[in-house]
Amino acid sequence: MQDNIKQPLQQFILQLADNLLVMGHRNSEWTGLGPIIEEDIAFASIAQDQVGQAWNLYQLLESEFGFAHPDQVAFTRNEKEFYSSHLVEQPTGEYDFSLARHYLYDLAQLIRYEMLSRSSYEPLAKLAKKFHGEVKYHVFHAQTWMKQLMDGNEVSKARMQSAVNDVFPFAMGVFESVDGEEALIAEGIFEGESALKDAWMQQVGAQLLEWGYSLPQLAQPVLGGGKGYHSEYLQPLLDEMGEVFRLDPSAEW
Amino acid sequence: MYGGGYIGGEETLQANQDDPIALAEFEARIAAGDKIEPKDWMPADYRKQLVRMIEQHAHSEVIGALPEGTWITRAPGFRRKLALMAKVQDEMGHAQLLYSAAETLGKSREAMINDLINGKSKYSNVFNYPAFTWADVAVIGWLVDGAAIVNQVANSKGSYGPYVRALERICYEESFHLKQGHDNVVFLATGTEMQRTMLQEALNRWWQPLMHFFGPSDTMSVHTEKLMRWKVKMASNDDMRQQFISMYVPKIWELGLTLPDNELKRNPLTGKWAFADPDWNLFFEVIKGNGPLNKERLAVRRTAEERGRWVREALLKADMKYTVPFA
C-alpha cells in the first residue's frame, strides 16, 4: 500500500476506533443506574457492541498496519494521541443527553458502515458489514425512545428537545476528516466525511420533524478531537480506563 | 450472582389461618413435586415469604451491580472490560426476571423498588462491603457468585413455578460468571508479585463476608421447618455453607492462596469442614444498616431512581400510543 493511502487510512481507522471505544465507555456508565432496568440492559448491550467494534479495529491496525497490541494502544495513550470527537467524551449527563447522543451518533455510524461496506479496502468492508448488523438495532432502539419521549408528557418533550439542541453541535463534530482524505475518496475506500454528513443531516432532519422535534439551529460543529485537541473530559476518562492496566502494562490481566 | 444467601428480615408467620382442606391439598401437591403457579391457591404465609424472598433476591441483583459496575470503566484490557460489562448486564437482567416473578404474587415492581430505597426491604449483606481494587472484582466474580450459585441451585428445585423458571435461566448464566471470575483470579494468582498481593489482600477482606453469606447457624435460625416443607427454603444455612467451603477452599489453596482462618480443616472421617465462627454481631449490625456501605449503596440507588423518574413518568401517559417499530 502506498504511503499517501496508508497514512490517511490508518488514521481513519484509528479515529473510528477511538470514537467507538470512548462512546462505549461512556454508555457503559449507565450499567446499574438507568431510569428503568430495561435501559440499563440496552445501554450495556450497545456499549459492548461499541467496545467490541473498537477492539476489532485496533486488531486490524495491529495486523495490517503494525500497531502495538490493542490493549496497549487503547489503555496507555493520553489525550493528545486520542482522535475521538468531543461528542463521545462528554459526560453521560442525564438520560436525555445520553439518549440524544446515542441517536445522533449511532445514526451516523449506521450510514458510515453502509458506506464502508462498499469500501475498496476489503478488510474494512468486511468489518463494516458485520458492524452494520449491530448498529441497525442501536438505531432502532434510539429511534423508539426518541419518539416515545417526544410523545410523553410536557417535561419529557422539553427535556428531549433541549437535549437535542445541546448535543447537535457536538454531533456535527463527528464528521472530522483525516488529513489526506481525498486519497481515500479517490481510491474508493471511503466516500468522505462531507458526503456522510450530508446523508446524516437529511435523515436526522426528516426523522426529528416527523416525531415533533424542532430542528436545532445550525451551530458551528465542535471539532478538534480528530487532531488530538480535547475538552477537559477526555483525560480523566482515559486515566480511569487505564487505571488498572497501567499498574503494570507488561503484566497479563 | 448475586442473590440468595441469607438476607434476614423474615416477617412473622401467621400459623394456621388457612383453610385446612386447601392447605392439605397444597401440601400434598408440593410433596408430590408439583409446581405452584400464580393463580393457584396458596397459604398467605407462602405468598408472603416468597414475595419477600424473590424481591430481596431481585434487590440483591440491582445493588450487587454497584460494586462491580464501578470497575467496568477501569477493567484492564478489552477481554476483561467486555466480560465485566456482559456480566453486570446479566445481573440487571436477573433483576428484571426476578421482579417479574415476584410481580406474579401481587406486588408491583415500583412498590418493590420503593421498599428497597426506603430501607424496608433488604438485599444481600455482602454488597455492603467495598470493592477496593481490581482483585476484589475477581474475588466477587468467583466466590460471591460461587456462593450465590450454591443457594440458587438449591432454590431452583423449589415449589413456585415462576421463581424456579427464572432461577433455571439465572443459574445457566451464573455458570459463565463463575468461569469469568475464576479466570480473572487465576490470572492474578499466577501473575506478578503485585497482582498476587492484590489478590491475597482482597481474599482476606472477602472471607468473612463470604462466611456470613449463608446466614447464621441453623441453631440460631427461626421457623425454617415449615418453609422447607413448602419448598420455599430448600437447604439449611449450615449445609450450604459446608457445601461452599468444600467446593472452594481446596481450589483456593491449590492456587497457593491462604485464607484468614486457621481453624479451616476438613475432617477426613465425616467430610465436614471445621472453621472459625465468623463475627455474628458484625453480621447483624450490617443487616441493621450499619455496614461499611449500606448508606452509600442506598443513596446511589435512590439517586438513580430520582434521576430516572421523569422517564418513567413520561412512559406512564394514559393515552400512550403504541409505537410501531421502524422498518
Side-chain angles (χ1 to χ4, degrees), chain A residues 21 24-26 28-29 31-41 43-45 47-48 51-52 54-55 58-59 69-71 74-75 94-96 99 139-140 143-145 147-153 155-157 159-160 207 237 240-253, chain B residues 58 61-66 68-82 84-86 88-93 95-96 99 109 113 133-134 137 184 187-188 190-192 194-195 198 300-301 303-305 307-317 320-321 323 325-327:
Chain A
L21 177 61
H25 182 101
R26 280 292 185 224
S28 79
E29 291 176 359
T31 315
L33 303 170
I36 56 170
I37 295 174
E38 287 74 6
E39 279 308 279
D40 279 289
I41 297 169
F43 268 82
S45 278
Q48 285 168 66
V51 171
W55 192 14
Y58 292 124
Q59 285 165 339
H69 187 274
D71 284 347
F75 290 80
E94 298 298 324
Y95 181 77
D96 44 11
L99 173 62
V139 170
F140 176 56
Q143 288 173 327
T144 305
W145 278 89
K147 186 170 188 297
Q148 73 182 354
L149 289 177
M150 193 37 87
D151 274 347
N153 54 30
V155 173
S156 71
K157 280 181 197 179
R159 288 188 70 136
M160 287 317 301
Q207 290 171 2
L237 180 152
E240 189 178 337
M241 190 161 70
E243 182 186 311
V244 179
F245 189 82
R246 292 180 198 191
L247 289 174
D248 186 349
S250 66
E252 281 197 75
W253 293 97
Chain B
E61 305 280 359
V62 167
I63 298 290
L66 300 178
E68 284 180 299
T70 58
W71 285 93
I72 289 175
T73 53
R74 294 177 277 180
F78 279 103
R79 255 179 87 237
R80 297 285 173 218
K81 197 174 177 74
L82 284 168
L84 190 61
M85 283 160 107
V88 183
Q89 179 193 30
D90 279 354
E91 310 298 5
M92 294 307 288
Q96 185 194 24
Y99 282 127
R109 191 201 281 190
I113 290 175
T133 69
W134 174 246
V137 176
N184 199 350
F187 268 67
L188 296 176
T190 57
T192 65
M194 182 260 297
Q195 287 172 310
M198 190 192 245
V300 170
R301 191 63 243 163
T303 306
E305 292 298 325
R307 287 172 65 194
R309 175 163 297 135
W310 71 272
V311 177
R312 296 191 298 279
E313 282 171 355
L315 296 180
L316 280 176
K317 215 178 72 162
M320 192 159 151
K321 292 175 287 185
T323 307
F326 286 77

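So you know, we letter chains A, B, ... as the sequences are listed, proteins then strands, and number each from 1. None of these values were measured; they are calculated from a predicted model. Hydrogens, waters and symmetry mates play no part in the numbers below; they use all other heavy atoms, side chains included.
Side chain of B/Arg312 to backbone of A/Pro35: a donor-acceptor contact under 3.5 angstrom is found.
If you measure heavy-atom distances from B/Arg309 to chain A, you find no contacts under 4.5 Å at all. Contact of B/Arg74 with chain A is made through backbone and side chain together, with heavy-atom distances under 4.5 Å. Looking at A/Arg246, neither its backbone nor its side chain comes within 4.5 Å of chain B, counting heavy atoms on both sides. Contact of B/Thr73 with chain A is made through backbone and side chain together, with heavy-atom distances under 4.5 Å. For A/Asp40, the part sitting under 4.5 Å from any heavy atom of chain B is the side chain, from C-beta outward, and nothing else. Heavy atoms of A/Tyr58 lying under 4.5 Å from chain B belong exclusively to its side chain. For A/Ser250, no part lies near chain B; criterion is any non-hydrogen pair under 4.5 Å. A/Glu243 touches chain B through its side chain: at least one heavy atom from C-beta onward sits under 4.5 Å away, while N, CA, C and O do not. For B/Gln195, the part lying under 4.5 angstrom from a heavy atom of chain A is the side chain only.
Put simply, the side chain of A/Leu33 reaches to within 4.5 Å of the side chain of B/Leu66, judged on heavy atoms. Between B/Gln89 and A/Ser45, the closest side-chain pair of non-hydrogen atoms falls below 4.5 Å. Side-chain contact check for A/Trp55 versus B/Arg79: some heavy-atom pair is nearer than 4.5 Å.
Of the inter-residue distances, the one linking A/His25 atom NE2 with B/Met85 atom CE reads 9.0 Å to the nearest 0.5 angstrom. Considering OG1 of A/Thr31 and CD of B/Glu68, their distance stands at 11.5 Å, rounded to 0.5 Å. The CD1 atom of B/Ile72 sits 14.0 Å away from atom CE of A/Met241, with the distance rounded to the nearest 0.5 Å. In this structure, NZ on B/Lys81 lies 11.0 Å from CG on A/Asp71, to the nearest 0.5 angstrom.
Between chain B and the options A/Pro70, A/Gly24, A/Pro249, heavy-atom pairs under 4.5 Å are most frequent for A/Pro70. Across B/Ala75, B/Pro76, B/Gly308, the residue that shares the most heavy-atom pairs under 4.5 angstrom with chain A is B/Pro76.
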Test side chain to side chain contact (heavy atoms under 4.5 Å, CB included) applied to B/Met194 and A/Leu247, step by step
CA-CA 9 Å; B/Met194 182 260 297; A/Leu247 289 174; 3.9 Å; yes
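A search for side-chain contact (heavy atoms from CB on, under 4.5 Å) contacts involving A/Glu252 returns B/Phe187, not counting sequence neighbours. Residues satisfying the side-chain contact (heavy atoms from CB on, under 4.5 Å) test with A/Leu149, not counting sequence neighbours, are A/Tyr95, A/Leu99, A/Trp145, A/Ser156, A/Met160, B/Trp310, B/Val311, B/Ala314.
Note: B/Phe78 and A/Phe75 have perpendicular aromatic rings, judged against thresholds of 30 and 60 degrees for the angle between ring planes.
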